[in-house]
Amino acid sequence: MASFDVIFIGGGPAGYVGAIRAAQLGMSVAVVERDGLGGTCVLWGCIPAKALLESASIAEKVKKAKDFGVNVGETSYDYGVAMKRSRAVADQNSKGVGFLFKKHKVTHIKGTAKLTGKNSISVKLADGKEEKHDAKKAVVIATGSRVKGLPQAGLELNKTTVLSSDDVLVLEKAPKTLAVVGAGAVGCEFADVFAAFGTQVTLIDVAPTILPLEDADCSAELTKAFKKRKIDVIAGAKIGNVKIGKSSVSMTIDAGGKKTDLEVEKVLVAAGRAPNIEDIGLKEQGVQVTDRGFVKINERMETTAKGIYAIGDVAGPPMLAHKGSREGVVFAELLAGQHAHPVNYGNIPNATYCHPEVASIGLTEAQCKEKKLDYKVGRFPFSASGRARTSGETEGFVKIIRDAKYGEILGAHIIGSHATELLHELAVARENEFTVEEVDLAIHAHPTLSEAVAEACLDSLGRVLHI
Ligand code: FAD
């Protein structure tokens, strides 16, 4: 039995970042992780998916290389090689977390943990043995989430024809045909990857648009871009009559008053994830969960059981790595008695790394309308950006929604090349309540894609220069 100040259950971006911050603040810290360090993000999410998207980006660029004066001869695409590279990148990142643990003297206990009291846990090790540990200050549930199928639609995961995001991350070969069910960030990213590797992709969502949480203008622009790349986009669709064969899946898609039959080699179910709340002793310790199965927490990330905290995916949406990491940092600082800046749930960036990329922060225009806010919109298309023209990536735009009276940024929406990087200027602006005028006052280098951000701000003021 060992004793620590804090024990984190789960070594994903919520748990491992919280652990590092707690150790920096002088606490003795352990992280119990049953799988590899880094969690879903490092091993089955953000990192391997982005590595595959980089392969997809190269595959798409090669198709246009001739226009840039580069003759690459005959090209072929091998998903298996891209997959192995993505696994290697994920492993490298996971080892990096191990290195950080050593540096900060965080103890990694490899096993499966269960709460046994307010201050204690038991851990089942790989060899079946059990250990008990206690935490003087806090136990933190950072158990994350997992893939799930869509049994209600007849799509139970089976590892052969009906796959999860975990499964497609280790596929050796791109299928000839693929239906992606669920067109949120994960669905759109994999639709992009497989389309680049030659798969005929059908992207389906029950919501009226793809990326339904994004501003409608971005969803419409992405739909246009995907259709141009021959991805079949079907939104507002109901799936029925699912038949799962040995090497194919057939279904009926009911959309826009029209029924069509679809037969594909594989289906990827990308319609949400389930929080990991089972078998960790929540009920026994008085830790309550919401109707949707997330652990209930207050603004200090404390659960309904005193001394037990929860952070990351398991503690509720948005299920994003950077949201979990920030919760981990704020939790550790509060525990150390610091006056931590609270997690600003209203200023969490969204990023989808398909091509073109989509990134946003704050309110959509529909939300501004719903709240009856007095707002003005500024837009700047990348087709008018010198830098975008040099790279031949002129799809998309920057859209800024500002408060009509004071010029504060209510929402920012970018679709286009490097949108996920460009967004952060606006995240900083919003965090500091800068106005659109103040964003433009900072001189933007020429030629850069960032100029489009400043121009969109100017457009919202009726002073755009380059359109
Ligand atoms: P997790 O990362 O899920 O980690 C929880 C860890 O707890 C796991 O390693 C698990 O093994 C461990 N665990 C669970 N129960 C126990 C137990 N009883 N004992 C010991 N260990 C346990 N988010 C982004 O922000 N950007 C992206 O680009 C992005 N891309 C994604 C792509 C895909 C394909 C997927 C699936 C997700 C993506 N996400 C992305 C979401 C992101 O991965 C999650 O939001 C993030 O990993 C959540 O972090 P977490 O620490 O809460 O949980």
Side-chain angles (χ1 to χ4, degrees), residues 7-19 30-54 86 90 93-94 97 108-116 121-126 131 133 139-148 163-170 180 182 184-193 268-282 294-295 297 301 310-328 331 348-354 357-359 420:
I7 298 177
F8 290 83
I9 305 179
Y16 90 72
V17 172
V31 172
V32 189
E33 171 54 63
R34 62 186 177 196
D35 198 352
L37 288 176
T40 305
C41 167
V42 166
L43 292 163
W44 303 105
C46 323
I47 299 299
K50 264 83 267 182
L52 283 172
L53 281 151
E54 203 54 43
S86 101
N93 271 48
S94 181
V97 177
H108 172 204
I109 303 168
K110 189 157 171 59
T112 304
K114 192 172 175 164
L115 298 162
T116 48
I121 60 158
S122 69
V123 180
K124 196 161 191 184
L125 307 173
E131 289 180 351
H133 299 284
V139 176
V140 189
I141 302 157
T143 49
S145 61
R146 61 179 184 277
V147 293
K148 62 175 187 188
L163 306 177
S164 68
S165 58
D166 289 3
D167 301 324
V168 296
L169 284 169
V170 290
V180 179
V186 172
C188 286
E189 289 185 357
F190 281 114
D192 180 301
V193 167
L268 163 63
V269 181
R273 294 175 60 83
N276 289 327
I277 52 165
E278 299 82 4
D279 307 320
I280 43 175
L282 295 185
F294 295 107
V295 174
I297 56 168
M301 274 70 79
I311 55 175
D313 279 10
V314 75
M319 291 162 104
L320 293 170
H322 41 284
K323 173 266 197 185
S325 297
R326 181 50 62 101
E327 285 178 335
F331 154 77
I348 297 177
N350 301 302
T352 305
Y353 299 75
C354 55
E357 293 185 354
V358 181
T420 58

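In listed order, ligands and their atoms are each counted from 1.
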**Message:** Under 4.0 Å, heavy-atom basis, I'd like to know which part of K323 is in contact with ligand 1: side chain, backbone, both or neither.
**Reply:** neither
**Message:** Any heavy-atom pair between the side chains of H133 and V32 that's under 4.5 Å?
**Reply:** no
**Fill in**
Under 4.0 Å between heavy atoms, the region of T112 that gets near ligand 1 turns out to be both
**Asked** Near S145, which atoms of ligand 1 are under 4.0 Å from a heavy atom of that residue?
**Response** 3 (O)
**Message:** Could you identify the single nearest non-hydrogen protein atom to atom 30 (N) of ligand 1 and state the distance to 0.1 Å?
**Reply:** K50 NZ, 3.1 Å
**Message:** I'd like to check which ligand 1 atoms, numbered from 1 as shown, lie under 4.0 Å from a non-hydrogen atom of R273.
**Reply:** 36 (C)
**Asked** Taking only heavy atoms of D35, which atoms of ligand 1 are found under 4.0 Å from at least one of them?
**Response** 11 (O)
**Asked** Which of the numbered atoms in ligand 1 are below 4.0 angstrom from a heavy atom of T143?
**Response** 5 (C), 7 (O), 14 (C), 15 (N), 16 (C)
**Request:** Name the option, out of P317, S164, G111, that contains the heavy atom nearest to atom 20 (C) of ligand 1.
**Result:** G111
**N-O pairing of E54 and K50 below 4.0 Å** = no
**Message:** Within a 6.0 Å radius of atom NZ on K110, are there more than 12 heavy atoms belonging to other residues, nucleotides or ligands?
**Reply:** yes
**Under 3.5 Å: donor-acceptor pair, side chain of K148, backbone of V269** = no
**A270 heavy atom under 4.0 Å from ligand 1** = no
**Message:** Using a 4.0 Å cutoff against the non-hydrogen atoms of G312, which atoms of ligand 1 qualify?
**Reply:** 52 (O)
**Request:** Using modelled atom types only, decide if a donor and an acceptor are shared between the side chain of N93 and the backbone of V42 within a distance under 3.5 Å.
**Result:** no
**Message:** Under a 3.5 Å distance rule, please check whether E327 uses its side chain to pair with a backbone N or O of G312 as donor and acceptor.
**Reply:** yes
**Prompt:** Side chain or backbone of D279 under 4.0 Å from ligand 1, or both, or neither, by non-hydrogen atoms?
**Reply:** neither
**Message:** Contact between Y353 and T420 at the side-chain level, heavy atoms closer than 4.5 Å - yes or no?
**Reply:** yes
**Prompt:** Can you tell which part of R146 has a heavy atom less than 4.0 Å from ligand 1: side chain, backbone, both or neither?
**Reply:** neither
**Complete:** Checking heavy-atom distances from atom 49 (O) of ligand 1 to each of P13, G324, G12, the winner is P13
**Asked** Under a 4.0 Å heavy-atom limit, does V186 contact ligand 1 with its side chain, its backbone, both, or neither?
**Response** side chain
